[in-house]
Structures are given as C-alpha cells and as structure tokens.
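This report refers to the structure that appears directly beneath it.
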There are 2 protein chains.
Amino acid sequence: MKDVASAAGVALKTVSRVVNGEPGVHPETAERVRAAIDLLGYSRNESARVLRSGRTATIGLVIEDVADPFYAGLSRAVEDVVIEHGCLLLSGSSGEEPGRERELVETFCARRVDGLIVVPAGDDHSYLRPELEAGTAVVFADRPPEPGIDVDTVLADNAGGARRAVRHLLEHGHRRIAFLGDDPAIFTAAERLRGYREELGELFDPRLVSMRSPSAVGVRAELDRLFGLDDPPTALFTGNGRYTVTTLRALERRRVALVGFDDFELADLLDPGVSVVAQDPARMGQVAAELLFHRLTGDAGPSQHVELPVQLIIRGSGELPAGSI
Amino acid sequence: MKDVASAAGVALKTVSRVVNGEPGVHPETAERVRAAIDLLGYSRNESARVLRSGRTATIGLVIEDVADPFYAGLSRAVEDVVIEHGCLLLSGSSGEEPGRERELVETFCARRVDGLIVVPAGDDHSYLRPELEAGTAVVFADRPPEPGIDVDTVLADNAGGARRAVRHLLEHGHRRIAFLGDDPAIFTAAERLRGYREELGELFDPRLVSMRSPSAVGVRAELDRLFGLDDPPTALFTGNGRYTVTTLRALERRRVALVGFDDFELADLLDPGVSVVAQDPARMGQVAAELLFHRLTGDAGPSQHVELPVQLIIRGSGELPAGSI
DNA sequence: GGAGGGGCGGACAACGTTGTCAAGCAGGTG
DNA sequence: CACCTGCTTGACAACGTTGTCCGCCCCTCC
C-alpha cells in the first residue's frame, strides 16, 4: 500500500480510502490510485486489516467428517450463507474425537474467527467458556452442548422421527421391530433410541436393540443374533445413514422390512426402495449459519433452540409385510 | 499479551518467548508466565503473528462443490494432510463458475494463504500470474490449468479409464456403445470422450454421443433418442458419477449393459451391481496436498504432473450381454 | 577483588492497515 | 476583505506480535 501511495503520489490514507470505497476522495485522485494498484498488482493484506479492525470475516466450522454426505451437505449450506455475508469458512473434521474437536475450536479461536458452528463430538464444552465470554458467537448443530453452556442450537427432531418410523412399521403389522444404531453416548443415537422405545411401549424388548459403531462385521453378527432369536424381529429400524447402508449390505439382498434414519442417494433405486425418515442437512446448515449471523449483527437475546422437522419417505422397504424374510 | 506480561511481572518479549517455546527463559519465570496465561485465558492473536512473520499456516482449497461425494472425499484427504502440517484449511465451492473460482482464489490470496489447491472451473488462469510471481504455491487437481500456467498438477487417467471401460464392453460383445457425459468444455469430460473414441476406432458413431449437463429430463430424452435409433446402442458408458446415477434413474430398472466413470456408494447393492471405472478422490487430494507442502518446504524444481491410475470394478452391469434390454 | 563470559530479561522497532484529527483549499456570504 | 463551510487530503498513532539488540546479574577464573 505504501508503494501504491508513492506511485500515485498520494498519502497512505488516501489509498486506504480508495481501497475501502470510503467517500471523500476526488474521482480523479481515486482513478490515479486505482491505476497504481493495477500496475503494481497490489492486494490488501487482510491480516493487517484484521489486526487493526478486529473483524476477521471468517467463520469456523467443526463437523465430524466432510466426507460423510450428511456433513458435506451441511457444509455446503453453511458455506453459501457465509459467502453471502462476505466471509470465508475455515473448516475441520473432528472425526468424532472430543480432543480433536477442542483443538479445532481453540485453533479457530486463536485465529479470531468471528463465529463458530460446532457439531460437537464430546460432552465437555467447558473449554468454550472463555471464548463465549470473550464474545465469540457460537452455534451448535445436530447435537446440543453440555447442559451448562447456553448457546443457539439447531437439532433435528430425532425422537419424533424415530417414533414416526416405528409407527409406520407398526401400521404395517410389525410387532417385533429391531433397532440398530450408534453408541448411545452420541446424542442423536440416544434420542432416536428414546423415540423408538416410547413408540413401542409395551412391545419394547431390549434384546431387539443393538447399539455400537457400525462396522460391517459387527452388523452382520448382530443380524445373525437377532434372526436367531426364538422370537426374531420382522422389521428393522436403522439409526443413521451409514448404519442403514451397512445393514443393507449385511442383509445381502434378503428382503426385510426396514426403515432407516437419514435419506441417502440411490435409496430410491434399490429393490425395494428404502423407506427413510429424512433429515435436511442443508437446511440445518443454513439455519445454523443464519442464527450465527443474527448474533453477529448484534442480537443479544436469549439463546434460541430450533428443532427441524423430519420427513417419512415411503419407497417400499418400510411397507413389506411381516414374515417376508 | 501485554496483560499477561504485567500480571506475571515480566516484559512482553518474555511472554512471547514462553508462548513460542523459545530457549533462554528461566524455568521459574516461564512457570509464572504460564500461570498468568491460564489465569487470564490468554490466547495468541494469530493475525498479529501472521502480520509479523508472513506465514499464515493456512491453505486455500477451491473445489466445485463440497456436497459432491467426489470433492468431499478429496477435501477430507487434503484437510488431513494440511492439519498434519499444523495448518488450517480455507475452502470454497466454485459451483463450476469461473467467476466464482477467481473470486475465491483472489480472496484466499488477499488473506495470504501459504498455498492453494485449485480444481479449476474455468479456462482462464491469467489472474494467477501475479500470485505465482508473488511466491504463492499452487497445485491444480482433477483438471489442468490453462497451457501458459506452469504449476504442479494431479490428474486422473481419464482417457485411459474411458478406454478401459469401452474395452470391457467390447469384450462382452457390444459394438454399439453410447457415451453420456458432461459438456466437453470440462477437461475431464473431453478426455473421457477422447478415450472412448480412440478405443472404439471404426466403431465410433457420433450419433451415440450425448454430452450436456446431466439434468434428469435431458438424460431421459437422450435415452429415448438413443434407443429410438435404427441401430440403437446395446451398452452405455456414462461419463461421471452424477451422470451414472441420473442415467440409472432414467432407465427405470431396465437392464442395460452399463459402465460408469467414478465409483459411488451403493453401486454394489443395485441390481445388477454397477460396474465402474473408479477414481480415488482421497488419493488425489492427498497427492495434491503433499505436492503443495513439498513446494512450501522449498522445492523449486520444475513443475510436476502426476497422473493417478483408475481401476475397473466389475459388479454385473458391465457384463450384461448385448440384447438384454 | 576484578575482569570476562554466559544466561536471562527487557526496550524498541517493524509488519500493513485503519481511525482520529487536523490542515489546506476553494467558494460563498456578511 | 474576513469569516465560515464543505470538500479533499495527509500525518500520526495504534492494533498484537516478533526480531534485533542491548544491558543486567551472577558465576567463574585469574
């Protein structure tokens, strides 16, 4: 900028004014400055600007894994809102490790991001307190923060979706419905289990529940166990997208009534099409980002908690009658 | 940092030394400084550090769309390498718009990223010249830069993959093989068309080629046109993952011999399983990031051009005989 | 006891930008 | 002609960090 100023024969500040489109610069002078800028290929140093102004125009996003379609969709939606507000997005995958989550958040904060969107991997968010007090805006998405932390949150209607899935299977005559889901330490998994249990009421049987991380081998073994029971399940409810796919693969084209949580590409092309309770990851990302920018533009009201609806999509697998194995 | 210094009763510089682990500080003093840091919840302002040192420890990634599984996989791999080097990742989706690509690159450069990985959307990369001269390291992935720009590049063996796919179909008795692909203005689409054409040799028939953006309606119409020909195709070769899925959907479970470029989740669960020529997006991201860090650690040799192999995966659809429609 | 040296701590400038404040200048008005 | 006003421009400090350089203190050795 100094070079531009001397090339244009003006003061530093005048160049700054031109670069920032501030008023009060003679059009002719501004033109001369712009010419010098082009000539020298100058581009403003954002680090210095940040240092001076305090605003980084950067948002941090911590998710579990960008390579997971759910989070990829969420990311893209967040990115669109962020760009629209003239900001950039720093993103990182926690890989479901609380330590990594914390590291990412702290690194983002050291870079003075204006706001954070976090899909938490762990339960302990006390490390966020100093940041919150320092005025960093934070929004949690998909999973809530630990109880003591009071920030804007966007969740899906996990329990309601599970109830809807189970009700659908009950309506098709099933009484023995198994649940295959993630470790209940994960909030969404626990919520879906709750919905499943509530909807089943007296039909609930703990032997029909299998919750662990979705390895192909593990799921296969669990299916063997379930179908080996005296009173085996006639229908399956799978607790997330990856679980649904792993289960379908383990079933090896056996036709079993099944409803999955989360939609996934090609669910409609399988035979039968896979009925699912669909979330809208893009909407979740969009809402989270909008809540964040609402805070950034000065809203200091009480924290908001948004619950997004889910939708049952009927494609065939959920409508198979009992006894079709 | 100033507050920490006065709280610990030392000079600014001493705090700086402790924070950076520089030698020459009495252990006891360092301990006092660390206590003050914890007490005040201090975290170093990276912007100021960048301003002073010039290194941002940030890499920019421009892709087409994070929500596309191919780029999501690539992103994740880039992210892993970047984190391993103690850096962060700024990413943005160009949405296949050259203007957006340019904007993203320029914004990243204004933030003084140490390096850039670009999946270009456009053909004109002259805007990169000043950045390259300014010493920003750049790697192109998936598609090459315009001819005049000489930078490290990672491409898949697009033409070879297409040849392999076509050869596979020829080996199964097909002589009328249609190609459905993206606009040949896109490098990868053009290369795949070239491979298709070369492998077919005299069997090549321009009426069997359909290249446009993959809308559901468009693909349906093209299939109608192709199958309405006097001498209709007996097999399809689809030019990328999205095209393959759109085509499968348009086929409405008609059984047609098909090989797709790009692997996709659930390809194995469809009936028949979809044979594909698979790229490895994670490997591409990893190689691109490693090339970049190689440059950043001082390699000034001639630009490198890596071609990644592709792999034919046989699952059933590519092995259907002619006349099975 | 004094000189020399090593270990440690501190003062200061600089990175590139922007906010504050004031100066210069032309034109209009009393 | 003096004064005021409004427009344009510029000088300077400050943001928080790090690199350079200097000085102090204590120890050791002569």
Side-chain angles (χ1 to χ4, degrees), chain A residues 1-37 40-58 86 107-114 130-131 134-136, chain B residues 1-37 40-58 86 106-107 109-114 130-131 134-136:
Chain A
M1 187 177 269
K2 202 166 56 178
D3 296 341
V4 173
S6 57
V10 298
L12 259 173
K13 182 62 202 181
T14 303
V15 179
S16 172
R17 272 195 265 261
V18 172
V19 170
N20 292 299
E22 286 173 33
V25 178
H26 194 86
E28 201 176 297
T29 314
E31 200 38 62
R32 217 166 63 235
V33 170
R34 267 189 288 273
I37 287 176
L40 298 175
Y42 163 82
S43 103
R44 179 172 59 192
N45 183 321
E46 290 293 323
S47 307
R49 175 185 160 79
V50 164
L51 178 59
R52 190 68 177 89
S53 67
R55 259 190 54 101
T56 55
T58 306
T107 316
F108 288 164
C109 287
R111 305 233 177 171
R112 299 291 186 274
V113 292
D114 294 335
E131 312 301 346
T136 309
Chain B
M1 187 177 269
K2 202 166 55 181
D3 297 340
V4 173
S6 57
V10 298
L12 258 172
K13 181 62 200 178
T14 304
V15 180
S16 171
R17 273 193 266 260
V18 172
V19 170
N20 293 299
E22 288 173 32
V25 179
H26 193 88
E28 201 177 297
T29 314
E31 199 38 62
R32 217 167 61 237
V33 170
R34 267 189 289 273
I37 287 176
L40 298 176
Y42 161 83
S43 103
R44 180 172 58 191
N45 183 321
E46 290 294 323
S47 307
R49 177 185 159 78
V50 164
L51 178 60
R52 191 70 177 91
S53 68
R55 259 189 54 99
T56 55
T58 307
E106 288 181 342
T107 315
C109 287
R111 305 234 176 169
R112 299 292 186 273
V113 292
D114 293 335
E131 311 302 345
T136 310

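In the text below, chain A, chain B and the rest are named by the order of the sequence lines, each starting its count at 1.
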To check you understand the geometry: which heavy-atom pair defines the closest contact between [X] and [Y], and what is its length?
X      : Y     : answer
A:L51  : B:S47 : N-CB, 4.4 Å
A:V4   : A:I37 : CG1-CG1, 3.7 Å
A:A110 : B:S43 : CA-OG, 3.8 Å

Report which part of the nucleic acid [X] touches: base, sugar-phosphate, or nothing (heavy-atom distance under 4.0 Å, all strands).
X     : result
B:S47 : nothing
A:S16 : base
B:V10 : sugar-phosphate

Return the value, rounded to whole Å, for the distance between atom [atom1] of [X] and atom [atom2] of [N].
X     : N      : atom1 : atom2 : result
A:D3  : C:dT17 : CG    : P     : 10 Å
A:K2  : D:dC12 : NZ    : C1'   : 15 Å
A:R55 : D:dC15 : CZ    : C1'   : 16 Å
A:L12 : C:dC15 : CG    : C1'   : 13 Å
A:E28 : D:dC7  : CD    : C1'   : 15 Å
B:M1  : D:dA14 : CE    : P     : 19 Å
B:N45 : D:dT18 : CG    : C1'   : 13 Å
A:R32 : D:dT9  : CZ    : P     : 8 Å

task = Please check if the side chain of A:R17 supplies one atom and the backbone of A:E22 the other of a donor-acceptor pair under 3.5 Å.
result =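 The answer is no, because no donor-acceptor pair under 3.5 Å joins these two groups.
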Given [N], is OP1 or OP2 found less than 4.0 Å from the side-chain N or O atoms of [X]?
X     : N      : answer
B:T29 : C:dG9  : yes
A:N20 : C:dT18 : yes
A:T14 : D:dT9  : no

Atom pair CZ (A:R55) and CZ (A:R49), whose distance is rounded to the nearest 0.5 Å =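 Those atoms lie 8.0 Å apart.
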message = By nearest heavy atom, map A:G24 and A:R52 onto DNA chain D; which one lands nearer the 5' end?
response =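 In this pair, the answer is A:G24.
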task = Using the closest heavy atom to pick a nucleotide of DNA chain C for each, name whichever of B:L51 or B:V25 lands nearer the 5' end.
result =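 Nearest nucleotide further toward 5': that of B:V25.
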Please state whether the base of [N] and the side chain of [X] form at least one donor-acceptor pair under 3.5 Å?
X      : N      : result
A:K13  : C:dG19 : yes
A:R49  : C:dT17 : no
B:R17  : C:dG10 : yes
B:R112 : C:dG16 : no
B:R44  : D:dG16 : no

ask   = Within a strict 4.5 Å, meaning less than it, do heavy atoms of the A:T29 and A:V18 side chains meet?
value =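 A side-chain contact under 4.5 Å is absent here.
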